[in-house]
**Student:** 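Before I ask anything, here is the structure I am working with.
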Amino acid sequence: MKIALVGIGKIALDQHVPALNASQDWELAATVSRAGRVEGVEAYTAIADMLAARPDIGVVSLALPPVPRFAAAFAALEAGRHVMLEKPPGASLSEVHALQDLAQKKGVTLYTSWHSREAEAVAAAKAWLADKQVLRGHITWREDVRKWHPGQDWIFEAGGMGVFDPGINALSILTEILPMPVHLTGADLDFPANRQAPIAARLQFAQNITADFDFRQEGPQTWDMEFETDQGHIALRMGGNILEINGKPAGGENTIMGEYPALYARMAALLRAGASDVDLRPMVLVADAFTLGQRQTTDAFDF
Ligand code: NAP
């Protein structure tokens, strides 16, 4: 299937292009980006031009930051194309609902992808937890924004979500693996004095679960979640790639290279089934953190 990739930035080049090139399902037929290019692929700078010139491209994958993504997604759906969205699927819940309605009206597929759900040990953790009662849990998601988002000022602008840009990955795993629904009861958010989005957040959930997100971690990076259950202890480490049960290794592999191939395989399967997959639970938790969160001002941040 021919696909166009929109927003040729860090994640497009690191993950989307290699995953598409390695897949039997896909042919990367065009890109849309003001400055980014993929060698050997027809390049457009405006999505309207690509949609008009290439009616043969039926699928559009959007790797833009969340704020500019809606207009591009709307245009692609309006033009009758199937659409796959990077995480977070939008800057607001209401705009993703609008995309969902439009996709349904047009009879096309909309896929809100969550790459961390495809990490190596997530399915095994979900299966292990399925018949357990979770007594308490804690998420530690601490990474260096300068390393993973070098110079990306959009991430600290309104709608960029700040530390929730990686934190929503943890919440996508949480909402996937828990055997019960989870809801937020409180949050503390640290906003740099010169920015519009938080650099750190501490969250509390009703189910005795807490989370600690921080964008200022230098040195070793931490993407861990641990749960105490009525039948033992489970830990997911390295962003869902490594599993430990009762303190012992229980599977997984420390690589992120399987995640995007799995997302594109899922998109191909959705197209074959004529289905959509729009799961907004991780984004609801982030919206609730902004609604309930107590805001503190912290040191100014510059890249
Ligand atoms: P990025 O490097 O800043 O790239 C996004 C591209 O979108 C830019 O290169 C830019 O290309 C285009 N763009 C169009 N309008 C823009 C605007 N108003 N502001 C900024 N860029 C604009 O960002 P990224 O790291 O690839 O992240 C994109 C999405 O992928 C985000 O939703 C993020 O959560 C997700 N993601 C990122 C990572 C990661 O490790 N960085 C991992 C997983 C998922 P042109 O200037 O050429 O138009």
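Whatever order the structure lists ligands and atoms in, that order sets their numbers, starting from 1.
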**Student:** How close do Val182 and Leu285 get, counting heavy atoms only, and between which atoms?
**Tutor:**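 Shortest heavy-atom separation between Val182 and Leu285 comes out as O-CD2, 3.9 Å.
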**Student:** Among protein heavy atoms, which lies nearest atom 34 (O) of ligand 1, and at what distance?
**Tutor:**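 Heavy-atom neighbour on the protein nearest atom 34 (O) of ligand 1: Asp165 OD2, 2.5 Å.
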**Student:** Answer yes when Asp224 and Arg237 have at least one side-chain N-carboxylate O distance shorter than 4.0 Å, and no when they do not.
**Tutor:**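 Salt bridge: yes.
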**Student:** For atom 45 (P) of ligand 1, state which one of Ala43, Gly7, Ala12, Ser33 supplies the nearest heavy atom.
**Tutor:**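 Checking each option, the heavy atom nearest atom 45 (P) of ligand 1 is found in Ser33.
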**Student:** What part of Trp148, side chain, backbone, both or neither, has a heavy atom within less than 4.0 angstrom of ligand 1?
**Tutor:**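 Only the backbone of Trp148 comes within reach of ligand 1.
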**Student:** Taking a cutoff of less than 4.0 Å between a non-hydrogen atom of the residue and any ligand atom, is Gln15 in contact with ligand 1?
**Tutor:**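 Checking ligand 1 against Gln15, which is what was asked, there is no heavy-atom contact under 4.0 Å.
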**Student:** Counting only heavy atoms, which portion of Ile8 has something under 4.0 Å from ligand 1: side chain, backbone, both, or neither?
**Tutor:**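 Looking at Ile8 and ligand 1, just backbone atoms fall under 4.0 Å.
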**Student:** From Leu174 CG over to Arg281 CZ, what is the distance, rounded to the nearest 0.5 angstrom?
**Tutor:**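 Answer rounded to 0.5 Å: 9.5 Å.
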**Student:** Going by the order shown, which atoms of ligand 1 are within less than 4.0 Å of some heavy atom of Arg69?
**Tutor:**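 That gives atoms 32 (O) of ligand 1.
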**Student:** Nearest to atom 9 (O) of ligand 1 by heavy atom, Gly9, Gly151, Ala72: which?
**Tutor:**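 Among Gly9, Gly151, Ala72, the closest heavy atom to atom 9 (O) of ligand 1 comes from Gly9.
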**Student:** On a heavy-atom basis, I'd like to know which of Leu62, Ile11, Val145, Ile256 is closest to atom 38 (C) of ligand 1.
**Tutor:**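 Minimum heavy-atom distance to atom 38 (C) of ligand 1 goes to Ile11.
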**Student:** Regarding ligand 1, does Gly36 bring an N or O atom to under 3.5 Å of one of the ligand's N or O atoms?
**Tutor:**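 Between Gly36 and ligand 1, an N or O pair is found under 3.5 Å apart.
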**Student:** With the threshold set at 4.0 Å, does a side-chain nitrogen-carboxylate oxygen contact exist between Asp56 and Arg54?
**Tutor:**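 Looking at Arg54 together with Asp56, the answer is yes, because their closest N to O distance falls below 4.0 Å.
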**Student:** Short list, please: which atoms of ligand 1 are under 4.0 Å from a heavy atom of Ala63?
**Tutor:**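 Answer, ordered by atom number: 5 (C), 28 (C), 29 (C).
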**Student:** Mind listing the closest non-hydrogen atom pair of Trp141 and Met225 along with its distance?
**Tutor:**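 Minimum heavy-atom separation between Trp141 and Met225: CZ3-CE, 3.9 Å.
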**Student:** With backbone taken as N, CA, C and O and side chain as the heavy atoms from C-beta onward, which portion of Ala35 lies under 4.0 Å from ligand 1: side chain, backbone, both, or neither?
**Tutor:**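 Both backbone and side chain of Ala35 come within 4.0 Å of ligand 1.
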**Student:** Looking only at distances, please establish whether an N/O atom of ligand 1 is found under 3.5 Å from an N/O atom of Lys87.
**Tutor:**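 Indeed, backbone or side chain, Lys87 has an N or O that close.
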**Student:** Is any side-chain N of the basic residue among Arg272 and Asp25 closer than 4.0 Å to the acidic one's carboxylate O?
**Tutor:**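 Salt bridge: yes.
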**Student:** How far does CD of Glu176 sit from CG of Leu171, to the nearest 0.5 angstrom?
**Tutor:**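 These two atoms lie 13.0 Å from each other.
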**Student:** Measure Leu64 to ligand 1 on non-hydrogen atoms and call it side chain, backbone, both or neither using the 4.0 Å cut-off.
**Tutor:**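 It is both parts that get close, each with some atom under 4.0 Å.
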**Student:** Which of parallel (below 30°), tilted (30 to 60°) and perpendicular (above 60°) describes His115 and Tyr260?
**Tutor:**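 His115 vs Tyr260 ring planes: parallel.
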**Student:** Does Arg34 reach ligand 1 with a nitrogen or oxygen that is under 3.5 Å from one of the ligand's nitrogen or oxygen atoms?
**Tutor:**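 Right, the criterion is met.
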**Student:** Considering only heavy atoms of Pro66, which atoms of ligand 1 have at least one such atom less than 4.0 Å away?
**Tutor:**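 Here the atoms of ligand 1 in question are 32 (O).
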**Student:** Will you find, in the side chains of Arg136 and Thr210, an N or O donor that is under 3.5 Å from an N or O acceptor?
**Tutor:**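 Absent: no donor and acceptor within the cut-off.
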**Student:** Of the side chain and backbone of Tyr260, name the one, both, or neither that has a heavy atom under 4.0 Å from an atom of ligand 1.
**Tutor:**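 The answer is the side chain.
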**Student:** For ligand 1, which atoms, with element, lie under 4.0 Å from some heavy atom of His149?
**Tutor:**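 Near His149, meaning under 4.0 Å from one of its heavy atoms, ligand 1 has 39 (C), 41 (N).
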**Student:** Would you call Asp165 and Lys87 a salt bridge, using N to O less than 4.0 angstrom?
**Tutor:**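 Yes, this pair counts.
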**Student:** Is any N or O atom of Pro88, backbone or side chain, closer than 3.5 Å to an N or O atom of ligand 1?
**Tutor:**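 Not met; the criterion fails.
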**Student:** Given Glu86, Met161, Gln152, Lys147, identify the one with the heavy atom nearest to atom 44 (C) of ligand 1.
**Tutor:**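 Ranked by closest heavy atom to atom 44 (C) of ligand 1, first place is Glu86.
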**Student:** Pull out every atom of ligand 1 sitting under 4.0 Å from any heavy atom of Lys10, numbered as shown with elements.
**Tutor:**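 Result: 1 (P), 2 (O), 4 (O), 25 (O), 26 (O), 41 (N).
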